[in-house]
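What you see below is based on every heavy atom in this structure, not just the backbone, and it leaves out hydrogens, waters and symmetry mates. What you see is a predicted model; the values in this text were computed from it and never measured. By convention in this document, chain letters (A, B, ...) are assigned in the order of the sequence lines, proteins followed by strands, and residues within each chain are numbered from 1.
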2 protein chains.
Amino acid sequence: MAQNVAQGDSPAQGQPARPDLAAMLVPLGRALMAAEQPILNAQGLTMWAYTVLLHLDEKPIRTQSALAEAIRADKTRIIAVLDALEARALIHRQPDPEDRRARLLSLTPEGRLLRDRVQYAIQQGEERLLALLPAEEREGFLRGLRTLSALPDLTLE
Amino acid sequence: MAQNVAQGDSPAQGQPARPDLAAMLVPLGRALMAAEQPILNAQGLTMWAYTVLLHLDEKPIRTQSALAEAIRADKTRIIAVLDALEARALIHRQPDPEDRRARLLSLTPEGRLLRDRVQYAIQQGEERLLALLPAEEREGFLRGLRTLSALPDLTLE
DNA sequence: TATTGTTATACTCTATAACTATA
DNA sequence: TATAGTTATAGAGTATAACAATA
């Protein structure tokens, strides 16, 4: 942006060198989600259900609230999702013997299998998309995206 | 992903080398939007209003429907937004003399000024964020993001 | 009759509040 | 009394359908 600063002592604005990040990221994210939808539909999964499968795979979780927080959802919102996943035997959901208020959540073998298959299909499609970028640009994009999305909380101040 | 393919003749899945793109892009986009909110609030702008100002700046538009389509919004959804912007004299909105059904939309000087100020503040914040990335990674990220977000329509098939 | 913009309505998604059960 | 989970309700955001003006 430095080369675009206005010359005078005016507020130093001038033409932006690029669109706003959010103006690029948000529509791209939405388009990508829409493109994944057919793959999820084919397996009878909603986006929330797939998100749950992804987060349970990393490690089992002791309470539904913790899961909800991890995927940035309201705890009331994932209940129907868990109901459906449990009914299809894709997850285990048992009262913790040591504190029967809590529900131990984990993937069943079938859940893991389905999760792997779906993620493989999605990432294969993504790779085709990324193949449009020159190798160096692709690497930078992925590394930068991973770094930024791993930041605990963003502020622009 | 190639180095992660399973060894047998099984479905060739194995552990993914990275999270799904959408699983990184969507939360990052949301976090960025949330971070921009205080800047917009300070100027009494909603995200939709700011989006309208950005798109009108590129060039005036002849119909509201065209604007709505350009920013991927429903035509009924932007009406209240245009009402508010017009009431603050940030945009012009006149019936086209040649076809009085259409409304010619353009920025007023004040609208352009406000848009520039807000965008400058937002992009300054973004630059602080991008400064967390090594220079090379930052460049790749921005170039890749611009390329991908410029694609007309994504499919994973 | 078709198109632009608008208004009224319905629907979807999400969050808040109230309730049950365990502790 | 406090916490995990659930259910019922209300709210925001969005889209669909019906309408008025213009062509």
Side-chain angles (χ1 to χ4, degrees), chain A residues 22-23 26-27 29-31 33-34 36-37 40-41 44-52 55-56 59-87 90-106, chain B residues 22-23 26-27 29-34 36-37 40-41 44-52 55-56 60-87 90-106:
Chain A
V26 172
R30 286 198 186 136
M33 268 181 56
E36 290 176 6
Q37 205 62 64
L40 295 174
N41 289 344
L45 291 174
T46 64
M47 186 62 68
W48 281 118
Y50 178 56
T51 305
V52 166
H55 276 261
L56 280 183
K59 52 178 177 294
I61 293 187
R62 211 186 65 85
T63 73
Q64 297 182 184
S65 302
L67 171 62
E69 192 183 344
I71 64 178
R72 288 166 158 142
D74 192 274
K75 66 171 181 171
T76 63
R77 209 161 69 194
I78 62 170
I79 290 178
V81 177
L82 296 177
D83 288 347
L85 290 174
E86 193 185 17
L90 298 173
I91 63 169
H92 286 304
R93 188 201 210 176
Q94 304 161 319
D96 181 347
E98 297 184 359
D99 180 349
R100 309 235 321 280
R101 292 173 301 182
R103 302 277 178 275
L104 300 172
L105 300 171
S106 58
Chain B
V26 172
R30 288 199 184 134
L32 219 48
M33 270 182 55
E36 291 176 6
Q37 205 62 63
L40 295 174
N41 289 345
L45 291 175
T46 63
M47 187 61 68
W48 280 118
Y50 178 56
T51 305
V52 165
H55 271 78
L56 280 183
I61 292 188
R62 212 185 64 86
T63 73
Q64 296 182 184
S65 301
L67 171 61
E69 192 184 344
I71 65 178
R72 290 168 158 141
D74 192 275
K75 65 171 181 173
T76 63
R77 207 160 70 194
I78 63 171
I79 290 177
V81 176
L82 297 177
D83 288 346
L85 290 173
E86 192 184 18
L90 298 174
I91 63 169
H92 287 305
R93 187 203 210 177
Q94 305 160 318
D96 181 346
E98 296 184 359
D99 179 348
R100 310 233 324 278
R101 291 172 303 182
R103 302 276 177 276
L104 300 172
L105 300 170
S106 59

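Contacts between residues 94-102 of chain B and DNA chain D, counted as heavy-atom distances below 4.0 Å, involve B:Asp99, B:Arg100, B:Arg101. Listed in residue order, the members of residues 65-79 of chain A having a heavy atom less than 4.0 Å from DNA chain C are A:Asp74, A:Thr76, A:Arg77. Shown for residues 44-51 of chain A: no residue has heavy atoms falling under 4.0 angstrom of DNA chain D.
In terms of heavy-atom proximity, B:Ser106 sits nearest to B:Pro60 at CB-CB, 4.0 Å. Contact between A:Pro97 and A:Arg100 at its shortest, heavy atoms only, is O-CG, 4.1 Å.
Side-chain atoms of A:Arg101 and A:Thr63, non-hydrogen and from C-beta on, never get closer than 4.5 Å to each other.
Within the structure, every pair that satisfies the salt bridge (Lys or Arg N to Asp or Glu O under 4.0 Å) test and touches residues 60-71 of chain A, not counting sequence neighbours, is listed here: A:Arg62-A:Asp96.
For the atom pair A:His92 NE2 and A:Leu85 CG, the distance stands at 12.5 Å (nearest 0.5 Å). In this structure, NE2 in A:His55 is found 10.5 Å from OH in A:Tyr50, a value given to the nearest 0.5 Å. Atom CG in A:Leu105 sits 6.0 Å away from atom CG in A:Leu56 (nearest 0.5 Å). Separating the CE atom in B:Met33 from the CZ atom in B:Arg30 is a distance of 9.0 Å, to the nearest 0.5 Å. With rounding to the nearest 0.5 angstrom, the NZ atom of A:Lys59 is 7.0 Å from the CD1 atom of A:Ile61. Taking CD of A:Gln37 as the reference point, atom OG1 of A:Thr46 lies at 8.0 Å (rounded to 0.5 Å).
OP1 and OP2 of C:dT3 both lie 4.0 Å or more from every side-chain N or O belonging to B:Arg62.
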Please output the side-chain donor-acceptor pairs of residues 71-82 of chain A that fall under 3.5 Å, not counting sequence neighbours, one pair per line with the distance.
residue: A:Asp74; atom: OD1; partner: A:Thr76; partner atom: N; Å: 2.9
residue: A:Asp74; atom: OD1; partner: A:Thr76; partner atom: OG1; Å: 2.6

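In 5' to 3' order, the nucleotides of DNA chain D bounding all contacts with chain B (an atom under 4.0 Å from a heavy atom) are D:dT14 to D:dA23.
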